[in-house]
4 protein chains.
Amino acid sequence: MAAANSRRVPRAERERQMLDAAVAVFARRGYRAASMDEIAEAAGVSKPLVYLYLNSKDELFSACIRREAAALTAAVRDAVEEGATPERQLWSGLLGFFEHAAVHPDGWTLLYSQARTVGEPFAAEVAVLRAEIVAFVAALIAAACGSRDVEAYAHALVGAAESLAGWAAAAPAPAPTGKELAASLMTFAWSGLSRALPAPDPEAAGGSSAAEG
Amino acid sequence: MAAANSRRVPRAERERQMLDAAVAVFARRGYRAASMDEIAEAAGVSKPLVYLYLNSKDELFSACIRREAAALTAAVRDAVEEGATPERQLWSGLLGFFEHAAVHPDGWTLLYSQARTVGEPFAAEVAVLRAEIVAFVAALIAAACGSRDVEAYAHALVGAAESLAGWAAAAPAPAPTGKELAASLMTFAWSGLSRALPAPDPEAAGGSSAAEG
Amino acid sequence: MAAANSRRVPRAERERQMLDAAVAVFARRGYRAASMDEIAEAAGVSKPLVYLYLNSKDELFSACIRREAAALTAAVRDAVEEGATPERQLWSGLLGFFEHAAVHPDGWTLLYSQARTVGEPFAAEVAVLRAEIVAFVAALIAAACGSRDVEAYAHALVGAAESLAGWAAAAPAPAPTGKELAASLMTFAWSGLSRALPAPDPEAAGGSSAAEG
Amino acid sequence: MAAANSRRVPRAERERQMLDAAVAVFARRGYRAASMDEIAEAAGVSKPLVYLYLNSKDELFSACIRREAAALTAAVRDAVEEGATPERQLWSGLLGFFEHAAVHPDGWTLLYSQARTVGEPFAAEVAVLRAEIVAFVAALIAAACGSRDVEAYAHALVGAAESLAGWAAAAPAPAPTGKELAASLMTFAWSGLSRALPAPDPEAAGGSSAAEG
DNA sequence: TATGAATGAGGCTTCATTCAT
DNA sequence: AATGAATGAAGCCTCATTCAT
C-alpha cells in the first residue's frame, strides 16, 4: 500500500528500504511513539519481515543510528580539507555538515533530536559521536588560537551549528544554504575566538555571507 | 507509599506535588515512556487523583511545559538589567539562564530535550518560547551591532547557550558555574560579533561592574 | 460471559477466581497452548486485571503450581495417621492422595502432566514436590521392611499410584473410588515388599478390595 | 549450517534425518514450544523441505509418535520370550522396555511426557499404545494369578515401570541398568501379586535361566 | 531435490483512562 | 479529598505456512 514495491527483493536492498523507512518514522515520531506497524507499512513490507531482518525495535533503532552517524561523520570527514589552516578546515567541515543535514533531514533529526532524548543505551551511542565532533573542533580551535577554555568554546560552536541546522530545516521556502549558514557561523564565532584577526578575508575564512550570497 | 504524604492536602499544594513529580518523570523518561502510574506513585497519590486534578496525560504534560517555561522566562527576565547596554543585558540574561538551568535541571531537560522531540501540539508551545528568546536576543544584537544576518546570529547564540547548559549539566563534579559559562559564551560570541571591541577579555565582556556580585 | 461474576470483587477473592480458572485452563491445554485470553475469560475478568494481580503468564503458572502442590501435600499430610504402623501410614496416605486427586482433577493434572513437561523453572518446582513424596514413601518402606533398593521401590510405588490416579480420572462413569484404588495398590505392592506378611488382614492393611467394595 | 549435510540426499534418508531432529526437539521442548525453524535447523535443511516431505507440524509430530511407538512396541515384542511362563514373559518384556527407554531417551520422553500432555488428537494415539501395553500386561497377570482386579494391577505395574524409567533417565552417572530396574520391579510387584512365591529373591523372580545373558 | 523471500494470525504485555465508593 | 477495582485499545514479537525459483 505504501510503496508499490516489487515482490521478491534481495535482502540487502530490502534492509536498506527498511532502514530508510525506519529513519523517517523514528525522526518524525520519536522512538517510543514510532510503531513497528507504521515502519513496516512505510517500508512496503509486512512486520514479520522487519523482524526477520532486523530482530527487534531496539536493534532497528540502533541500526538507524549507526547508519546515520556513519553517514554524517563520513560527510564531514570528506568535506574537511586536510592540510589546510585550522580556520579553513573548520569552514569546510561546517559546510559539509550543513549540507549533509540539509540533504538528510531525517537522519539529522534522528541523531540530534530523537536519539539523544531516548534513554540508554542509545543516548550513549550518540553521545560518543558528539564527543568526537566536539573533540575535533576543540583541536582546531586550540591549533588556531591556543585559547584556554577550548572545551567550552567547542561545545558552544557545536551547539551553534546544531541550532542553525535546525533553524534552516524549519525555515520557510528559501531556506539558508549550507554556504550561508557556514559563513554566518564563521563570522559569528571565528573572529570572536581569534580576536586578533585583522580583517577576515572572505576567501581565507571560507567566504563571508556578503561575498557569497 | 512513595512519599509519606499526609492525607487531606489542599488542592493547590497537591497540584504542585503532582507537577513536581511529573516534571521529574517526564524529564527522565520522555513523554511516551513516562507512565501515569509512575507519576502518581512519585507524587505519592493515587492515579484517579491525578486525573481529577489534571485531566489527562496530555494536559499534565502541557501544564508541566507551561510551568517550566514560565519559570525559565521569569528567571531570565528578572536577571536582565533593563536600561543597561545591550551587551550587558545579554550577559545578565545568559547568567540568569545558566543559573536557572543549573538549579532546575529537570525543567531544563523537559523544555530542551523532551518537549521539542514530542510531536505536536507540545513542540509548538516550546517553539514559541524559543522564538521569543531568539527574538529578544536578535533585538539585542541588532541594537548593538546593527548587524545584518541578525537572525542567524541569534539562533547560533541561543544554540550555543543550550549546548553549554547541557554540557554543564552532564559535566563531572565541579561543573562550570553559571558565571563561567556566561563568560565563556560572551567571549566566544560577543567579541566575534563586534569585532571592533578593543580588549575583549572575559571580565570586560562578561560584566565588569557591580553585577559581578 | 464465562461466569456471571458480580463487579467490584475484593482482590483476594478475585485472585482465587483467577487461579481457579488458570488451573483449569493450564490443566486442559498445557502451559504453552493456554492463552491468557482464555484464562481471563474463564475467570470472568479482563486480561489486564489478571496481569495487575498476577504479573505474567510465568508467575501465574507458578502460582498455580504452588497452590496445587500445597493443597496436595496438605491433603496427604492430613490423611496420614501419625503414630500408626508404616503400612497403615502408607495406606492412609494413599487414600488421601487418591481422594484428593479425584476431587481436584485439574490440580492433579497440572502437577502430574503439565508442570513436569514444561521446561525449567517449573519442572524443578514439581520435581521437588515429587522427591519429597518419594522420600516419605521410601522412609515408610525402609521402616517396614528394612529392604535394600528402597529408592527404586519408592519410585515404583509412586509411579503406580500416579498411574492409578490417571486411570481412575479417565475411567467411565463408575470410576474406582479412592478406597478401592488404595486397596488395590496396597495389595499389589505392600505384600510384595513385605513378602513375609502372612495373610494381609484387610483392616490392618487398610482394607482389601474385597472387604471394602 | 547446522549439520554439514551433503546436498542431494535421497528422500528416505532425508525424512529420517528430519524425524530424528524432530523427535529430539519435540522431546526437549514439547509440542507447542518446538518451532519448525528449530527442527529444520537441527535437521540441517530448509523449512520448505520439511513441509514438502512432512506437510505440517501436526503431521510431523504424528509421524514422530508413530515411529517411536512402533520402535518401542517392536523392542518389547522382540524381547518377550514367547511360550515362556507369564512371569518370565513379563520379566523379559520389562527388560526390553527399560533397555529401549535407556537407549532412546528422546523417543521415550516424547511418548511418555510430551505426547500425553498435548491435547487431541495426539493423546489418543499414545493412549492407544498404552492401552495395548496395559492389556498385554493384564493378560499376563490374569494368566499367572487369575487375580481379580487385574486391570488395576496392570495399570499400577505399567505406571511403576514408567516411573522407574523416568527415574533412571534422570539419575546421575551410574544409572541403574535395565536389568536392575526389571529385577527391582519384578521383586516389587510380582511377588506381591503372587504372594505364594516361596523365596522371591531378585534372581529367581527376575529370570533365573539363560535369559540372563 | 532444495531454498531465500515473505506473510496472516495470534499471543504476551502495558497503558491511559474510568467507575463506584 | 481520595482511592481500590476494572478495562478497551494498542504495541512488540513469534510462528506455522506458502510462494517463486
Side-chain angles (χ1 to χ4, degrees), chain A residues 5-11 13-15 32-40 44-60, chain B residues 5-11 13-14 32-40 44-53 55-60, chain C residues 5-11 13-15 32-40 44-60, chain D residues 5-11 13-14 32-40 44-53 55-60:
Chain A
N5 283 312
S6 37
R7 297 279 140 130
R8 305 251 126 208
V9 174
R11 173 165 183 157
E13 183 171 348
R14 269 282 190 255
E15 285 195 359
R32 291 293 299 237
S35 86
M36 295 298 274
D37 266 306
E38 184 177 0
I39 291 170
V45 298
S46 69
K47 229 185 332 174
L49 200 58
V50 180
Y51 280 90
L52 188 61
Y53 286 174
L54 289 144
N55 300 324
S56 73
K57 195 182 187 184
D58 268 30
E59 284 191 38
L60 174 56
Chain B
N5 284 311
S6 37
R7 298 276 148 130
R8 302 264 142 195
V9 173
R11 172 157 183 160
E13 168 87 1
R14 271 279 191 254
R32 292 292 300 231
S35 84
M36 295 298 274
D37 267 303
E38 184 177 0
I39 292 170
V45 298
S46 72
K47 239 185 324 177
L49 198 60
V50 179
Y51 279 89
L52 187 63
Y53 285 177
N55 301 319
S56 75
K57 194 184 186 183
D58 270 29
E59 286 190 37
L60 174 56
Chain C
N5 284 312
S6 38
R7 297 278 141 131
R8 304 251 127 207
V9 174
R11 174 166 181 155
E13 182 171 347
R14 269 280 189 256
E15 284 195 0
R32 291 292 299 236
S35 86
M36 295 298 274
D37 266 307
E38 184 177 0
I39 291 170
V45 297
S46 69
K47 232 187 329 175
L49 200 59
V50 180
Y51 279 90
L52 187 63
Y53 286 174
L54 289 144
N55 300 323
S56 73
K57 195 182 185 183
D58 268 30
E59 285 191 36
L60 174 57
Chain D
N5 285 311
S6 36
R7 297 278 148 127
R8 302 265 141 195
V9 173
R11 172 158 186 159
E13 168 88 2
R14 270 280 191 254
R32 291 292 300 230
S35 84
M36 294 298 274
D37 267 303
E38 184 177 359
I39 292 170
V45 298
S46 70
K47 239 186 324 178
L49 199 59
V50 179
Y51 279 89
L52 188 63
Y53 284 177
N55 301 318
S56 74
K57 194 184 186 184
D58 270 28
E59 287 190 36
L60 174 56

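Per chain, numbering begins at 1; letters A, B, ... match sequence-line order.
- With values rounded to the nearest 0.5 angstrom, B:K47 atom NZ is found 8.5 Å from B:M36 atom CE.
- Between A:D37 and C:L49, the residue anchored nearer the 5' end of DNA chain F, judged by the nucleotide with its closest heavy atom, is C:L49.
- The base of E:dT17 is paired with the side chain of B:K47 by a donor and an acceptor separated by under 3.5 Å.
- To the nearest angstrom, P of E:dC15 lies 11 Å from CD1 of B:I39.
- Taking atom CD of residue A:E59 and atom C1' of nucleotide F:dT14, one finds them 15 Å apart after rounding to whole Å.
- Taking atom CD of C:E38 as the reference point, atom P of E:dG11 lies 9 Å away to the nearest angstrom.
- Across all their heavy atoms, C:R32 and D:R32 have their closest contact at CB-CB, 3.3 Å.
- Between A:Y51 and the phosphate of F:dT14, there is no side-chain N or O to OP1/OP2 separation shorter than 4.0 Å.
- Of the residues near DNA chain E, A:L52 and B:R32, the one whose nearest nucleotide (by heavy atom distance) lies more toward the 5' end is A:L52.
- Each of E:dT7, F:dA2, E:dT1 was ranked by its minimum atom distance to the side chain of A:P48; first place goes to E:dT7.
- Along DNA chain F, the nucleotide nearest B:V50 and the nucleotide nearest D:A33 are compared for position; the residue whose nucleotide lies closer to the 5' end is B:V50.
- Computed from coordinates, the A:K57 NZ to E:dT14 P distance equals 15 Å when rounded to whole Å.
- Atom CE of D:M36 is separated from atom P of E:dT3 by 14 Å (rounded to the nearest Å).
- The minimum heavy-atom distance linking B:R14 with B:Y53 is given by the pair CB-CE1, 3.6 Å.
- Along DNA chain E, the nucleotide nearest B:S56 and the nucleotide nearest A:Y53 are compared for position; the residue whose nucleotide lies closer to the 5' end is A:Y53.
- Under the side-chain contact (heavy atoms from CB on, under 4.5 Å) test applied with D:L52, the options D:L49, D:N55, D:V50 reduce to a single match, D:L49.
- Rounding to whole angstrom units, CD of residue A:E13 and C1' of E:dA6 are separated by 15 Å.
- Considering all non-hydrogen atoms of both residues, A:S46 and A:A40 come closest at C-CB, 3.9 Å.
- Taking atom CZ on A:R8 and atom P on E:dT3, their separation rounds to 15 Å, with Å as the unit.
- Here D:R14 reaches the OP1 or OP2 of E:dA2: one of its side-chain N or O atoms lies under 4.0 Å away.
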